[in-house]
Peer 1: 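Take this structure first; my questions come after.
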Amino acid sequence: MAKIGVLGLQGAVQEHVRSIEENGAEAVVVKWPEQLAELDGLILPGGESTTMRRLIDRYGFMEPLREFGKSGRPIFGTCAGLILLAGEVAGYDEPHLGLMNIVVERNSFGRQKESFEANLLIKDVADEYNAVFIRAPHIVSTGEGTEVLAEHDGRIVAARDRHYLGCSFHPELTDDHRITRYFIGMAEEAKASLANS
Ligand code: GLN
């Protein structure tokens, strides 16, 4: 069984734990960098990216998280987590983790649309998926090798770059656990191939 961590510094942590467990995988709330060693995949939850970044620095997570990604183990960034994962954040000099080959923009759906739901087609995941957006970022552009998985209003809201998965919305806030299932599949595949290498 795959063991999936949820970075537990801030944000929608327990909801992701529930979604992982509903899919029959084991969930671990990650509070310390040492816990990363036992994981097959990691979810960076939604919340507030600047707050989460401060806590990442305070608890010494920056390099361990980058190493985790570079070791080939999958990371799924949702909403603020997507901002943390991105290679570039529009309007900022430096990214956070800088691992995924995308450019993101924060709070990009406008004030009047602080939160909304939309029906999405997510490639390889669902033909119809009710997605919850809360002060959501969007993916402005994708680099080579990054596949667009979903769009809303002409904006990219989900993508995959190798073992990195990211979405603008909050998959943990509904009872539709299919995108989490897809991510667990990525973690299981990576676990099998890393064991054989
Ligand atoms: N607007 C938040 C940020 O920039 C993200 C919002 C969310 O995760 N729901 O970090």
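Atoms within a ligand are numbered from 1 in the order they appear, just like the ligands themselves.
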Peer 1: What I want to find out is whether R106 reaches E48 closely enough, with some N-O distance under 4.0 Å, to be called a salt bridge.
Peer 2: yes
Peer 1: Does a salt bridge link K191 with E188, judged by any charged N lying under 4.0 Å from a carboxylate O?
Peer 2: no
Peer 1: Identify all N/O pairs between ligand 1 and the protein with a separation under 3.5 Å and present them as a table of atom names and distances.
Peer 2:
| residue | atom | partner | partner atom | Å |
| --- | --- | --- | --- | --- |
| ligand 1 | 1 (N) | N107 | OD1 | 2.7 |
| ligand 1 | 1 (N) | R135 | O | 3.0 |
| ligand 1 | 4 (O) | S49 | OG | 3.4 |
| ligand 1 | 4 (O) | R106 | NE | 2.7 |
| ligand 1 | 4 (O) | R106 | NH2 | 2.9 |
| ligand 1 | 8 (O) | G47 | N | 2.9 |
| ligand 1 | 8 (O) | G47 | O | 3.1 |
| ligand 1 | 8 (O) | A80 | N | 3.0 |
| ligand 1 | 9 (N) | I134 | O | 2.9 |
| ligand 1 | 9 (N) | H170 | NE2 | 2.8 |
| ligand 1 | 10 (O) | S49 | N | 2.6 |
| ligand 1 | 10 (O) | S49 | OG | 2.8 |

Peer 1: Do H152 and S168 have a side chain donor and acceptor closer than 3.5 Å?
Peer 2: no
Peer 1: Mind jotting down which residue pairs meet the ring-ring contact (aromatic ring centres under 6.0 Å, His included) criterion with at least one end in residues 70-107? Sequence neighbours excluded, please.
Peer 2: F76-F183
Peer 1: Any Lys/Arg nitrogen of E172 or R18 sitting under 4.0 Å from an Asp/Glu carboxylate oxygen of the other?
Peer 2: no
Peer 1: Decide, yes or no, whether a salt bridge links D153 with R155 under the criterion of side-chain N to carboxylate O below 4.0 Å.
Peer 2: no
